[in-house]
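Down below is the structure, laid out as structure tokens.
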Amino acid sequence: MRRAVNVFYRREFLYGLGATLGTTALNTLLCADEPSTGPLDPLASKPPHHDAKAKSCIFLFMEGGPSHIDTFDPKPKLADLHMQEFQRKDRFASAMASGKRYYVKSPFQFRQAGQSGMWMNERFEHLATVADELCIYKGCVAESINHPTACYHMNTGSRFGGEPGVGSWVTYGLGSINQDLPGFIVLPETYSPQGGTANWSNGYLPGHYQGTPLRSSGSPILDLLPPTGVTRSQQRVNLDLLAQLERAHQDRHPQHDDLAARLHSYELAFRMQAQVPDLIDLSHESKQTLQDYGIGERETDAFGRRCLLARRLIENGVRFVQVFSGGWDSHSISASNGTGSSGASSGQRKVPTPTMSRDFILRAPMS
Amino acid sequence: MISFHLPAHAIDVPTDGDRLFTLKVLPLLSEKCFACHGNDEEIEGELNMLSRQSLLQGGESGEPPIVPGRPDKSLLISAVRWEDLEMPPKENDRLTDEQIELLRRWILADAPWPNEEMQRRIRTDHWSQVETEDGLLVKTSGGLSDEWTYRRYNPADLWAYQPLQRVELPTFAADENPIDFFVRRKLDEVGLVAAVRANSSELIRRASFDLTGLPPDSQLHHAYADDRSQAGWQALIDRLLASSHYGERMAQHWLDVVRYADTSGYANDFERPHAWRYRDYVIRSFNADKPFDRFVVEQIAGDELEPDNPELRVAVGFLRMGPWEQTAMSVAAVTRQLWLDDVTNGVGETFLGHTLRCARCHDHKFDPVPTRDYYSMQAVFAGTEFDEPDASFLEDEQHEAAEARMAVWKKQFSDEGLRATSKIEGDDALKRIKKKLGAYRKLALARYDAKAFSVGNRKPQAVHILIGGAIDNLGPQVEPAVLSAVPGGLEVRLPSEAHARRLSLARWIASADNPLTARVIVNRVWQWHFGRGLVATPNNFGKMGGQPSHPELLDFLAGWFLDNGWSIKKLHRLIMTSETYQRSSRHPSPVRLAELDPKGLLLARFRPRRLTAEEIRDAMLATSHELNREGGGPGIFPTINWEVALQPRHIMGGIAPPYRPSLSPKLRNRRTIYAFRYRGLTDPMLEVLNRPNADLSCERRDETTVVTQAFTLFNGQFTHDRAVALAQRVCDAADSSEEQVKLAFQHVYRRHPNKDELQACLVHLAEIRDHHMQGSGGAADVPEIVAREMITEQTGRLFHWEERMALDGYQPDLRTMDVDQDVRALANICLVLLNSSEYLYVY
């Protein structure tokens with residue numbers, strides 16, 4: 001027996017074009033009478049256990065990690081101890097952290113910002129303007145001082161890699177709001193962060209929850225477009241033939257649930273080919289917005305674009321967006337480049353983050 | 001004579017209430033209440049709950065929490081019911097109805113609170129009873145607390161620790177495949193009929209992919225397509241089992257479990273230039289049908305077993321398969337401990353179906369695995385050290401093209417390929433980058449060295465229980481031992497000599513008396529055929545894993561496997577000659593099936609499966625006749641998406657060399673198992689098709705349907721290239737459109753198109769030719785130079801350089817622009833067929 005309703009509940013990943021929370025609920029209702037031959041849509045939006053104001057999350061990951069003592073956690077005592085020598089002998093300290101050591105004060109001045117009097121590096125001029133919208137947690141410690149393992153620890157909770165990233169967990173727990181877009185999108189630099197794609201791995205969760213990177217140069221999604229020379233109309237004709245063969249095949253295998261979902265994913269892919277370039281096209285944004293995000297300025301352009309794109313994705317119902325920004329590995333140069341982070345990031349830090357924060361305060365009622 | 005009059009309560013026989021309090025209520029109060037209402041200086045609400053007296057008095061509210069005999073008047077009860085007070089205050093900590101009932105019964109029994117002496121007696125008495133209504137005691141080496149040591153288990157959760165049950169088959173079932181006997185019995189119980197036998201084409205394809213990971217070639221297909229006899233079926237199975245591709249397919253399963261990769265992962269992702277020899281060892285072992293007990297021993301202790309046998313030095317590479325790094329920023333003792341943890345867990349999940357990781361920090365929360373067992377097993381590896389000994393090549397370890405390949409790598413990893421394109425005052429960044437490249441070069445050029453990625457022994461370090469898993473928090477020292485909950489495990493004595501520890505552990509694992517090992521491997525093999533094991537979680541046979549769907553069948557198979565010399569090939573034969581395996585995927589009454597067996601556990605029909613990532617790549621190459629079936633040797637480099645190949649991959653102090661595909665189609669188009677496996681860079685096509693990462697053991701492949709698969713398969717260069725190659729081959733052999741379509745169907749599906757399909761394809765072909773063929777399809781140019789930039793740690797400034805790809809002599813696969821119009825038109829049909837579910841699924 002062929003069940004036409006299959007199509008409503010066996011779609012996976014990006015299925016259900018035009019689905020809203022309402023239609024998702026309808027789908028669920030339609031399935032309620034069905035024998036449970038297939039799992040419910042794994043990406044359907046799920047209610048949280050508690051009422052929550054936040055529906056989505058943007059995670060800005062400043063890879064490299066400027067020191068806490070240079071950013072939000074002043075340690076005035078270090079000024080007294082500055083350049084005093086001490087010996088560190090610890091069986092569990094690395095070669096780099098053992099032997100003759102010096103206390104070093106932060107090269108920066110601090111000040112209190114906002115009504116809360118939050119401490120921050122005085123050079124965080126722009127961030128200071130939204131201080132009262134920030135919540136700073138000072139309790140995170142990485143188990144590893146190597147970059148990839150520390151990145152894994154931060155993103156997946158385990159230094160070994162291979163476990164689900166935080167965005168995977170959120171999407172697993174809450175589902176996706178817009179069934180036409182991945183629930184968890186990653187916006188990396190042109191390069192992957194250290195440790196690579198395992199930072200947004202689905203780990204042992206099903207593949208639906210893996211982060212989908214939108215690449216910042218070249219094709220935003222790999223193979224979004226066919227090889228050069230293949231026209232859209234040619235693709236359409238090919239897709240029509242595939243659909244025809246698939247339907248005949250479905251008639252021969254009516255008990256095979258995956259088939260409808262597969263065909264659907266091809267149709268969706270075909271539509272996305274047209275839609276995704278539009279989604280990431282920032283040319284419709286106002287001049288003011290572009291300026292606020294630092295787009296067009298050499299040092300902030302790339303990060304600003306990703307931040308603005310993150311906002312657009314969230315507004316389009318993506319549950320979790322993670323933006324990676326590289327070059328925050330300061331080592332001995334934090335003071336010389338004058339910002340508490342390395343050169344390329346210095347400008348970045350000035351602009352988009354506070355803008356984004358302001359944006360969401362203003363837009364909150366809409367989201 | 002003096003008689004002592006002891007206080008009456010001391011000789012009292014404990015009442016039910018005393019027992020209830022001691023065994024149930026006190027632990028509950030301790031877990032849920034004492035943290036805030038206990039000894040602490042800051043007692044919440046000034047209520048101390050540590051004695052009956054204080055519970056009768058109450059805290060600051062003045063109202064007593066309990067009124068003996070009157071639960072309805074006891075504040076404690078209404079508080080835990082969240083009727084007035086809400087206690088414990090966190091939702092997560094709330095008491096269950098059963099727990100509340102315990103408190104209620106206790107108060108009803110007058111809320112007795114026996115003294116500690118009586119509590120001790122009650123507990124001791126309780127601990128001496130193996131089975132009570134609360135479950136079974138399991139004798140282990142003991143936990144960190146009595147509570148853990150004497151906790152009770154639901155007998156159903158302990159199935160894996162029971163000795164194998166030898167099930168006698170009734171005589172009437174003697175001439176049928178015993179698998180069918182067990183499966184049918186379950187089906188009969190619920191009143192389900194089974195699907196009929198699948199048709200020949202389906203069966204040939206199913207067997208071919210299951211045993212070789214490749215589609216049936218036309219010879220194989222035609223030899224058996226018309227043979228419905230069981231003899232023919234058996235001959236087909238034997239033929240596939242004898243194929244060298246059999247070992248490649250099985251090795252793929254095994255490498256998933258052991259996390260095989262050719263690099264180490266993490267900060268540098270350094271190459272393991274000899275790791276490929278372990279991959280080939282696994283392939284050889286399966287092809288030779290090495291008895292599984294021997295296979296176990298070789299991988300854990302091959303070097304102890306036969307120190308001079310080079311192959312066994314390779315085999316113990318298993319112990320180092322996980323990701324690993326030691327950099328200037330790591331602490332050697334920590335790195336060592338991480339490896340010890342990794343290998344302990346790895347051996348547990350690979351062979352024993354036990355994820356032991358949990359017992360690193362505490363006694364296992366669910367399974368009878370005390371943390372002592374974890375560290376005792378770890379002590380087995382306390383003398384094991386990494387080693388790359390000389391290990392001469394076996395006759396069938398390939399290195400024909402070694403010279404030529406080495407020459408290419410030499411060029412590709414040459415300093416000469418790097419050129420600075422910007423300058424930072426006072427910083428020679430290029431020099432550092434070259435130095436790093438030198439390290440990679442050295443490793444790459446060692447690929448053909450006759451060495452093994454291996455281990456050896458040294459004086460064992462003392463191993464302590466690490467409290468909370470913390471390396472600086474030493475608990476008691478432990479000696480090598482095995483899992484104590486396994487029957488006989490507590491009595492097993494492992495030697496403490498450095499050179500026999502692993503071997504003795506391996507022999508315990510690979511023993512017929514160990515009920516875990518045989519069950520675990522037969523369950524894996526079952527899953528390789530049916531997509532789901534009899535236990536759905538092959539790496540975890542504990543409580544949090546799955547219960548077996550057919551426990552008697554599992555034990556029967558395990559016993560049969562032992563009786564048949566631990567032979568995997570015989571096990572395949574047994575499974576595949578069952579009716580159960582040969583069933584059609586179409587059930588005669590799907591509605592009834594969905595109702596009575598919604599999860600498909602009863603095996604009333606065959607569950608279709610999608611090909612795995614590697615099968616898809618290999619099958620497409622086979623279908624287009626481009627597959628180079630050569631086996632063995634250092635990893636080859638298939639063409640992958642160029643954007644990913646050139647994308648910067650950050651490593652410590654620089655950017656790793658770009659991914660460089662092998663130069664000739666012959667080298668590139670080998671089976672995927674021979675593709676060099678980076679941890680830090682995955683072939684995006686394979687990743688999208690659910691190839692797991694190599695950091696965690698993969699017990700079962702995901703089979704998700706996601707839109708990125710449509711992008712990869714419908715738009716990706718790989719499938720387009722295969723379609724062109726197939727179309728060319730078809731056009732070479734057939735002239736008319738009709739003949740071409742028919743031949744394409746033969747190659748892809750091994751069948752003729754039906755009338756509708758043929759018609760649809762012909763219409764499509766005409767339309768493509770008349771309306772959609774424009775110009776020549778392009779192909780990505782092979783890049784010559786890749787530009788790099790990096791912020792240097794030393795200066796914080798951006799440094800630019802170029803790297804030569806050194807792909808001179810790169811021969812692209814057949815490209816669209818190289819073929820004529822007819823071929824290009826037909827390639828569209830081929831692309832569609834290669835994307836179809838009939839091709840990508842096994843029925």
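Below, chains carry the letters A, B, ... as their sequence lines are ordered, and counting in each starts from 1.
For chain A, the option among R649(B), R679(B), M790(B), Q647(B) with the highest count of heavy-atom pairs below 4.5 Å is Q647(B). Highest contact tally toward chain B, considering only Q194(A), R159(A), R215(A), H49(A), is held by R215(A) [criterion: heavy-atom pairs under 4.5 Å]. For chain B, the option among T197(A), L239(A), L224(A), L259(A) with the highest count of heavy-atom pairs below 4.5 Å is L224(A).
Only the side chain of L840(B) has a heavy atom closer than 4.5 Å to any heavy atom of chain A. Contact of P226(A) with chain B is made through backbone and side chain together, with heavy-atom distances under 4.5 Å. Heavy-atom distances place both the backbone and the side chain of E643(B) under 4.5 Å from chain A. Only the side chain of N754(B) comes within less than 4.5 Å of a heavy atom of chain A; its backbone N, CA, C and O stay farther away. Using a 4.5 Å cut-off between heavy atoms, A333(B) touches chain A through its side chain atoms alone. Only the side chain of S201(A) comes within contact range of chain B, with heavy atoms under 4.5 Å apart. Heavy atoms closer than 4.5 Å to chain A are found in the side chain of D702(B), but not in its backbone.
Every residue two or more places apart in sequence or in another chain that forms a side chain to side chain contact (heavy atoms under 4.5 Å, CB included) with H720(B) is listed here: P227(A), V230(A), L831(B).
Identified under the salt bridge (Lys or Arg N to Asp or Glu O under 4.0 Å) test for residues 229-242 of chain A, with sequence neighbours left out: R236(A)-D240(A), R236(A)-E267(A). Annotation: ring-ring contact (aromatic ring centres under 6.0 Å, His included) contacts involving residues 211-231 of chain A, sequence neighbours excluded, are absent.
Contact residues of residues 690-699 of chain B toward chain A are N693(B), D695(B), L696(B) (heavy-atom distance under 4.5 Å).
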